[in-house]
Amino acid sequence: MTQIVATTPGLFPLPDWAKDELADLKGHQKTDLISGDESAAVEDAYDRVRTELIETQADAGLDRTVEGQGRWDDMLAHPLAVHDEVETRGIVRYYDNNNFYREPVVQGDLGADGGDVAADLDAAADHVDEGLQAVLPGPYSLADLATDEHYGDDAEFLSAVADFLAEEVRSFPDVETLFLLEPSLVENAPEGGADERASAAIDTVANAADAQVVTHTYWGALEEKVYAHLMDADVDAIGFDLIADHDKNVYNVQEYGTKDDVALGVVDGQNTLVEAPETIRDRIDWFEQQTNTTFETVYATANTELFYLPVNKFTDKLEALANAADLEEVEA
């Protein structure tokens, strides 16, 4: 019997009150975005944001709870944007959408740097009794979003980013699941040996975690060779975006198999239309039928980060995911 685990890839929209309060506290310029040395008033606001986002997930009934990443002004680039050896420069487009982040330019060794993400997780752990889930950019995507002015070699740079993320993971409190978000594997597919190096970099991060590790891909489907190499990575599950491209994702599993567990993007993280729990459950059942596989665990999730959504639609989608998992339990 497949266990359905309702969760998300994190990066939630800020509550409406927080947008106004933080704009007043931080200012409105690029230089006013998160840098890691915020005032006590800003830190207090983000503490209240974190608490509210955790309570929202608990009220919705999700099986895994993320910190919410309210402080991540730069989306997936955040862990580098606050690193001491990184300079943030001009605003660049975040993949192919209307969001922007500060370009993180690496200018020195990416050693351990204070555990920014770990500190947020420590704070979240005070409010979560069980089911805490960590969220990080995958090493390939983080390297892809950044600019290297220190290492001078793509392979060395990717390895350094992976080592940096692994050190962050080693500082985490106890978590049940770690989602590594890897949209760049789809959006800017590695080639010429970089696909194998991307898999090795994911291994580096995954092996640092004492948790179930999910490499979640989205905004389409992986090229076959990239997928085959990702299957070699020592992770517990691979995530598939069934909203953007369900047929190609099914094909990859039919052709190359997958892990015993799987993450399925069955809710649209960028569309305000709220899916019915029955629709979500149907998408999960369809994937299992098409791949002729009964998974041990299905992580039912939004396909992308959720910060694109208005707060009310975001909340509704969390509830839909949780209710879809409950439908499975009732039918059992």
Side-chain angles (χ1 to χ4, degrees), residues 1-19 48-70 72 75 120-121 124-125 127-135 175-179 181 212 214 216 218 237 239-244 246 261-288 295 297-332:
M1 175 67 68
T2 300
Q3 178 187 18
I4 309 296
V5 173
T7 188
T8 72
L11 282 90
F12 292 164
L14 287 173
D16 292 334
W17 65 264
K19 295 175 186 176
R48 286 181 281 127
V49 167
R50 180 185 302 110
T51 300
E52 182 170 325
L53 294 177
I54 289 171
E55 290 174 350
T56 297
Q57 293 170 85
D59 291 344
L62 292 180
D63 298 305
R64 296 287 184 272
T65 302
V66 300
E67 186 267 335
Q69 295 75 50
W72 290 26
M75 288 78 83
D120 285 343
L121 273 173
H127 303 280
V128 181
D129 293 330
E130 60 181 2
L132 183 61
Q133 176 177 299
V135 173
V175 299
E176 289 197 31
T177 314
L178 167 61
F179 262 51
L181 306 186
Q212 298 295 108
V214 179
H216 187 50
Y218 47 99
F240 301 95
D241 182 349
L242 300 191
I243 303 300
H246 53 277
D261 299 338
V262 68
L264 298 179
V266 286
V267 163
D268 195 334
Q270 296 179 281
N271 190 308
T272 57
L273 177 66
V274 178
E275 297 84 350
E278 294 80 6
T279 299
I280 297 169
R281 187 73 181 107
D282 285 345
R283 290 170 178 171
I284 295 169
D285 292 343
W286 177 86
F287 188 84
E288 286 196 318
F295 296 99
T297 301
V298 170
Y299 295 95
T301 181
N303 63 330
T304 72
E305 316 104 312
L306 290 156
F307 66 85
Y308 309 94
L309 297 172
V311 172
N312 63 329
K313 297 298 185 180
F314 152 72
T315 302
D316 289 344
K317 285 181 181 260
L318 298 191
E319 293 176 354
L321 281 166
N323 290 335
D326 288 343
L327 281 180
E328 191 276 336
E329 294 174 3
V330 169
E331 290 176 359

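Residue numbers start at 1 and run along the sequence shown. Heavy atoms only: backbone and side chains are in, while hydrogens, waters and symmetry mates are out.
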Asks: Heavy-atom distance under 4.5 Å between the side chains of Leu273 and Asp268, does that happen here?
Replies: no

Asks: Taking the side chain as every heavy atom from C-beta outward, state whether Val214 and Thr301 have any pair of such atoms under 4.5 Å apart.
Replies: no

Asks: Just say parallel, tilted or perpendicular for the rings of Tyr299 and Phe179, cut-offs at 30° and 60°.
Replies: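 Rings of Tyr299 and Phe179: perpendicular, as their planes differ by over 60°.
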
Asks: Are Pro9 and Val135 packed together at the side-chain level, in the sense that at least one heavy-atom pair is separated by less than 4.5 angstrom?
Replies: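 Not touching, per the 4.5 Å side-chain cut-off.
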
Asks: Give me the atom names and distance for the closest heavy-atom approach of Pro15 to Val311.
Replies: CA-CG2, 4.1 Å

Asks: Looking only at non-hydrogen atoms, find the nearest pair between Thr272 and Pro310 and report the distance.
Replies: CG2-CD, 3.7 Å

Asks: Going through the distances and angles, do Trp17 and Val49 end up as a side chain to side chain contact (heavy atoms under 4.5 Å, CB included)?
Replies: CA-CA 9 Å; Trp17 65 264; Val49 167; 3.9 Å; yes

Asks: If you round to the nearest 0.5 Å, how far is CG of Asn271 from CD1 of Ile243?
Replies: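 Rounded to the nearest 0.5 Å, the CD1-CG separation comes out at 9.0 Å.
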
Asks: Nearest 0.5 Å, please: how far is CG in Leu327 from CZ in Arg281?
Replies: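 With rounding to 0.5 Å, CZ (Arg281) is 8.0 Å from CG (Leu327).
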
Asks: Is it the case that the side chain of Glu67 and the backbone of Leu121 share a donor-acceptor pair, with hydrogens and angles ignored and the cut-off at 3.5 Å?
Replies: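 Not a single qualifying donor-acceptor pair exists.
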
Asks: Quick check: closest heavy atoms across Ala263 and Ala237, and the distance to 0.1 Å?
Replies: N-CB, 4.3 Å

Asks: If you apply the rule side chain to side chain contact (heavy atoms under 4.5 Å, CB included), what do you find for Phe12 with Val66, and how did you get there?
Replies: CA-CA 9 Å; Phe12 292 164; Val66 300; 3.4 Å; yes

Asks: For Trp286 and His246, take the angle between the two ring planes, folded into 0 to 90°, and tell me which bin it lands in: parallel under 30, tilted 30 to 60, perpendicular over 60.
Replies: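 Rings of Trp286 and His246: perpendicular, as their planes differ by over 60°.
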
Asks: Where do Ala300 and Ile4 come nearest, in terms of heavy atoms and distance?
Replies: CB-CG2, 4.1 Å

Asks: Where the side chain of His216 meets the backbone of Thr304, is there a donor-acceptor pair that is under 3.5 Å apart?
Replies: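 No, His216 side chain to Thr304 backbone: no donor-acceptor pair under 3.5 Å.
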
Asks: Side-chain contact test, heavy atoms from C-beta onward, threshold under 4.5 Å: evaluate it for Gln69 versus Glu305 and give yes or no.
Replies: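 Contact flag for Gln69/Glu305 side chains = no.
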
Asks: Can you find a heavy atom in the side chain of Asp261 that is under 4.5 Å from one in the side chain of Phe295?
Replies: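 Not in contact.
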
Asks: With heavy-atom distances below 4.5 Å as the criterion, would you say the side chains of Glu288 and Val298 are in contact?
Replies: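 Yes. Closest side-chain heavy atoms under 4.5 Å.
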
Asks: Would you confirm whether Glu55, through its side chain, and His127, through its main-chain N or O, come within 3.5 Å as a donor-acceptor pair?
Replies: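 No; judged by distance alone, with no hydrogens or angles, the pair does not exist.
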
Asks: Would you give the length of the straight line joining atom CD of Glu278 to atom CG of Asn323, rounded to the nearest 0.5 angstrom?
Replies: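 One finds 8.5 Å between CD of Glu278 and CG of Asn323.
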
Asks: For side chain to side chain contact (heavy atoms under 4.5 Å, CB included), just list the numbers for Trp72 and Phe307, CA-CA rounded to whole Å, side-chain angles, deciding distance to a tenth of an Å, and then say yes or no.
Replies: CA-CA 10 Å; Trp72 290 26; Phe307 66 85; over 6 Å; no

Asks: Check Leu53 against Gly68 and note the closest heavy-atom contact, atom names and distance.
Replies: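 For Leu53 and Gly68, the tightest heavy-atom pair comes out as CD1-CA, 3.9 Å.
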
Asks: Let me confirm one number: the CD-CD distance from Glu52 to Gln57, rounded to the nearest 0.5 Å.
Replies: 11.5 Å

Asks: Show the numbers, then the answer: is there a side chain to side chain contact (heavy atoms under 4.5 Å, CB included) between Thr7 and Thr177?
Replies: CA-CA 10 Å; Thr7 188; Thr177 314; over 6 Å; no

Asks: Determine the minimum heavy-atom distance between Ala60 and Ala322, stating which atoms define it.
Replies: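 Heavy atoms only, the tightest pair is O-CB, 3.1 Å.
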
Asks: Enter the distance from Asp16:CG to Lys19:NZ here, rounded to the nearest 0.5 Å.
Replies: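 Asp16 atom CG to Lys19 atom NZ measures 5.0 Å (nearest 0.5 Å).
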
Asks: Does the side chain of Leu306 reach to within under 4.5 Å of the side chain of Leu318, using non-hydrogen atoms?
Replies: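 Counting from C-beta outward, Leu306 and Leu318 do come under 4.5 Å.
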
Asks: May I ask you to test the Val266-Leu321 pair for a side-chain heavy-atom distance under 4.5 Å?
Replies: yes

Asks: State the CG-CD1 distance between Leu132 and Ile54, to the nearest 0.5 angstrom.
Replies: 7.5 Å

